[in-house]
*Asks:* 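Below is one structure. I have some questions about it.
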Amino acid sequence: MTKLIVRRVLWTIPVVIVVIFLTFLLMKAIPGGPFTSERGVPEEILRNMNAKYGLDRPWYEQFFRYIWHAAQGDLGVSMTQKSRTVVDVIGDAFPVSIHLGVLAFGLAMLIGIPAGVVAALKHNTFWDYGAMFYSTVGWALPHFIVGPVLMYVFALKLGWLPTSRWTGPQSWILPTITLGTALSAYFARLTRGSMLETLQQDYVRTAMAKGLPFRTVVLKHVLRNSLIPVVTQAGPLLGFVITGSFITEYVFAIPGLGKYFVSSVGNRDYSVVMGLAVLLSSIIIFANLVVDILYGVLDPRIRYE
Amino acid sequence: MKDEPIGKGVKKFTSVDGETFDAGEPLVLEQSTLLGDVVRRYSHNRAAMAALFILLFMIIYSTVGPWLRPWSFDEGLYSNPSLIPYQLPNLAHWFGTDQNGRDLFVRLAMGGRVSLLIAFAATGIVLVIGVLYGSLAGFIGGKTDEVMMRFVDVLYGLPYLPFAIILLVILGAGIVPMLLALAVVSWLTPSRLVRGQMLTLKQNEYVEAARALGATRGRIIFRHLLPNTLGIIVVAMFLEVPGMILGEATLSFLGLGISSPDASWGTLASEGWKALRSHPWMIILPGIFIAVTVLCFNFVGDGFRDAIDPRTKETK
C-alpha cells in the first residue's frame, strides 16, 4: 500500500510539469503581448518591459525559469496590476472560490445523497420517479440559466436576497444553489445506482436474515459500501465544479478565480492566466491523487491488484 | 440462405412404421438482425421515443424556422426602422424581439442551426480522433499503449473550461475556432472507451485467424475490430453531443466564440442575461431550448445504450 501511494505521489510531479509546459505553449501562442495597446508603446519602453518580465529570453529559458520559481512558490508578478504578484491575486480569489465550492458540494451532498437513498429504497415507486426526474432535469439545466433565473425571481422580483457580490451569508445563497443544483442531481443518480447494486449483495441479505433492524442494515451495510463510487467520482466532478464556478462567479460578480481568469485572459495578463491555469490543474491532479488513495483505504480489495 | 425454409421441397415423409405423412407447411425461421433488435427495443422505450421526436422537431425548427417569418436573423432597427426593440411575444413576432428589434423566433432558429451544427461537427471530429487514437493504442498495446494512455491521463485531469477559453483567445471568435476548442478538450473520453473495447476484442479468435491469414494491422482494425465497437461508438456520440451543446453555450455566454449579429443559443442567452433586469423572457427562451435539447440527447443516448446492450438496464 505504501509503495503504491509513494509511486502515485511521485507520478504527479511529471504530470504537473507537462501541464505547465502545455499551458506555457498556449500562452506563447496568444496573439499580441501584454504591453501592446491601441496607442502604441515606444520601442525602447517595450524592450525594457519585456526585459523586466524576462520575455526577451528564449522560450525554453523562460519555461525553466518559470518551473524553478514556481517550485519555490513564486508565480511571478501580475503584468497589468503592477503592484501585485500572482500569488497575491490567488490569495484574494482562491478562498472565495473554495468557499463557494465547499458550500455547493455540501448542499449537493445534503440533497443528492438522501434523494438517491430514498429512490433506491423505494425503487420503482413515486419517490423513485420523483428523484430521478429531479436528477435528470437538474443535470440538464445549465448554470448560466439557473443563476439568472434565481437572481430574477429572488433578488430582482421578490427582493429577498442580494443580486450579486460575496459579502455575507445572504449573498451566498443564490450562487450556492446555482452551483449545487446540477451537482446534487449527479449525486442523487450516482447514490441511487450504487445503492441498488449493493442492495443485491449477499451480505445484505445475510444481515437482513440475521434480523438486524432495517435501519442498521441500510446505514451500516448498504450506504457505506454504496458511497465508494461517490467518492471516486469526486475527482472528475471537481472539474465540473470549476467550470460551473466560472459561470456562477461571472453571473453573480463574485471575486473568485473564475472571474479573475476571464478578465485576465481579456487583458492578456500572461502571468496571472498561467498561474491560475496551473493552480486549477494542480488542484484537480491533487484531488485525483487523494481519491486514488482514499479508494484503496475504503475498498481493501483494490490494494491487492 | 438464412430465410430458406427447413426441409424445403419435402412434400411427404415416411415414418419407421412405413406410414406416410404430409409434410405440412415448411417452417420458416426468422433470423433477427442486430439492427432490427435495436430498433424494436428502442421503440418500446417511451421516454426515448418522445425525446427522439422532440429532437427531430428541434432540428426541423432550426432548419426551416428562419424561412417562416419575413425577417432575417440580423435585421434590426438600424436596417428596418419599423422594428421595435424588446417586444413581448405577439402575433407578428412569435417569440418577441431583442434589444435591436430583431425577431427572436428567427434568431432562435438560426441559433439552433449554429449550436446544433457545432455540437454535431465537434462530436464528429472528437469521435474520429478518439477512434483512431484509441484503436491504435489498444491494438498495438505494450509500451506504445502505456505512453499514449499516460498522455490521455495527464490531459484528463485538466479543467476543460480554462483551456477552452485560452484556445478561443488564440484562435479568435467564430464557428471554426469554437469547433477546434471543443474538440481539443474533449477527445479523451472516446479514446479511452475505444481503447478499452479494443483490448477486449483483440483477444478473440477471429483476430488471430485473420492474422494467421496474413491480414494487415489496418485491415484487422478497420474490418474486424472497429465494426464490433460501432454500437458503443454510436452511444458515445449521443452522450457526447449534449456536452458539446453546453460547452459551446457556456463559452458563448462568457462572450467568447460566437458573437452578435451571428447567433447561437449561448449568444442569445448571453444577450438575455444582459437584459435580465427589464426583459427576463429573453433568457428563458434560449434556456428552455438548450435544456430541452440536452435532456433529449441524454434520453436518446440512454435509450440507444439500453437497446444495443440490454444488460446495462439491469441496474437501472
Side-chain angles (χ1 to χ4, degrees), chain A residues 11-12 14-16 18-19 22-23 26-27 29-31 136-137 139-149 151-153 156-157 163 192-194 196-197 200 235-236 238-244 246-247 250-251 257-258 261-262 265-266 268 273 276-277 280-285 287-288, chain B residues 47 150-151 153-172 184 189 242 245-247 249-256 265-266 269-270 272-274 276-278 280-284 286-299 302 314-316:
Chain A
W11 164 241
T12 57
V15 172
V16 171
V18 170
V19 167
L22 290 178
T23 320
L26 284 176
M27 295 310 303
I30 292 187
T136 315
V137 174
W139 184 242
L141 285 176
H143 297 108
F144 57 84
I145 303 299
V146 178
V149 168
M151 185 193 279
Y152 184 75
V153 175
L156 293 174
K157 272 280 128 167
T163 49
R192 174 179 174 273
S194 167
L196 284 178
E197 217 161 292
Q200 311 272 325
L238 202 62
F240 175 77
V241 172
I242 288 176
T243 304
F246 269 53
I247 298 292
Y250 177 81
V251 167
L257 293 178
F261 188 87
V262 176
V265 167
R268 299 204 192 91
V273 173
L276 293 184
L280 290 172
S281 311
S282 308
I283 294 171
I284 291 194
I285 292 166
N288 280 324
Chain B
R150 280 297 183 200
F151 184 61
D153 285 347
V154 171
L155 295 185
Y156 210 77
L158 301 186
Y160 93 90
L161 190 61
F163 287 95
I165 290 176
I166 298 178
L167 278 171
L168 272 181
V169 172
I170 296 174
L171 300 168
V184 167
T189 315
I245 294 178
L246 286 178
T250 301
L251 288 164
S252 294
F253 183 78
L254 287 175
L256 300 147
W265 285 340
S270 165
W273 156 241
K274 284 172 193 138
L276 181 73
R277 208 168 275 271
S278 46
W281 82 90
M282 272 178 63
I283 195 170
I284 300 292
I288 292 175
F289 275 75
I290 294 169
V292 167
T293 310
V294 166
L295 207 60
C296 288
F297 267 109
N298 284 335
F299 273 118
D302 285 349
E314 276 166 19
T315 50
K316 292 201 86 189

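Residue numbering restarts at 1 for every chain, and letters A, B, ... go by the order of the sequence lines.
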*Asks:* Side chain, backbone, both or neither: which part of F299(B) has a non-hydrogen atom closer than 4.5 Å to chain A?
*Replies:*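 Looking at F299(B), just its side chain touches chain A.
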*Asks:* Contact part of I242(A) toward chain B, heavy-atom cut-off under 4.5 Å: side chain, backbone, both or neither?
*Replies:*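 Side chain only.
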*Asks:* Quick check on F144(A) against chain B: is it the side chain, the backbone, both or neither that has a heavy atom closer than 4.5 Å?
*Replies:*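 It is both, since atoms from each part get that close.
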*Asks:* Taking every heavy-atom pair that is under 4.5 Å apart, which of P162(B), A291(B), G287(B) has the most such pairs with chain A?
*Replies:*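 Most heavy-atom pairs under 4.5 Å with chain A: P162(B).
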*Asks:* Among L171(B), L276(B), L295(B), single out the residue with the greatest number of heavy-atom pairs under 4.5 Å to chain A.
*Replies:*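 Top option by heavy-atom pairs under 4.5 Å: L276(B).
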*Asks:* Examine whether an atom of I245(B) lies under 4.5 Å from a heavy atom of chain A, and if so say whether it belongs to the side chain, the backbone or both; otherwise answer neither.
*Replies:*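 Neither part, no heavy atoms under 4.5 Å.
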*Asks:* Side chain from CB out, backbone as N, CA, C, O: work out which of these in L276(A) comes under 4.5 Å of a heavy atom of chain B, or both, or neither.
*Replies:*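 Nothing of L276(A), per the 4.5 Å heavy-atom cut-off to chain B.
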*Asks:* Which atoms of V16(A) are under 4.5 Å from chain B, going by heavy atoms: the side chain, the backbone, both sets, or neither?
*Replies:*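 It is neither, since no heavy atom gets under 4.5 Å.
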*Asks:* When rounded to the nearest 0.5 angstrom, what distance separates CH2 in W273(B) from OH in Y152(A)?
*Replies:*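 Between atom CH2 of W273(B) and atom OH of Y152(A) there are 13.5 Å.
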*Asks:* Which of these passes side-chain contact (heavy atoms from CB on, under 4.5 Å) with P142(A): T250(B), V294(B), L246(B)?
*Replies:*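 So, applying the side-chain contact (heavy atoms from CB on, under 4.5 Å) to P142(A) and each of T250(B), V294(B), L246(B), only L246(B) qualifies.
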*Asks:* Side chain from CB out, backbone as N, CA, C, O: work out which of these in V15(A) comes under 4.5 Å of a heavy atom of chain B, or both, or neither.
*Replies:*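 For V15(A), the contact with chain B is made by backbone and side chain together.
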*Asks:* Using a 4.5 angstrom heavy-atom cutoff, name the option from A249(B), P242(B), A164(B) with the most pairs to chain A.
*Replies:*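 It is A249(B).
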*Asks:* Under 4.5 Å heavy-atom distance to chain A, tell me which part of I288(B) shows up: side chain, backbone, both or neither.
*Replies:*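 Neither the backbone nor the side chain of I288(B) comes within 4.5 Å of chain A.
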*Asks:* Are any non-hydrogen side-chain atoms of L22(A) and F163(B) less than 4.5 angstrom apart?
*Replies:*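 They are not in contact (no side-chain heavy atoms under 4.5 Å apart), so the answer is no.
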*Asks:* Hey, are the side chains of W11(A) and R150(B) touching, using non-hydrogen atoms and a 4.5 Å cut-off?
*Replies:*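 They are in side-chain contact.
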*Asks:* With a 4.5 Å cut-off on heavy-atom pairs, point out which of V262(A), I145(A), V251(A) contacts chain B the most.
*Replies:*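 Ranked by contacts with chain B, first place is V251(A).
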*Asks:* Less than 4.5 Å apart, any side-chain heavy atom of N298(B) and any of W139(A)?
*Replies:*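 The answer is yes, as the side chains (C-beta and beyond) meet within the 4.5 Å cut-off.
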*Asks:* Which one, I283(B), L254(B), I290(B), leads in non-hydrogen pairs under 4.5 Å with chain A?
*Replies:*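 Max contact count across the listed options: L254(B).
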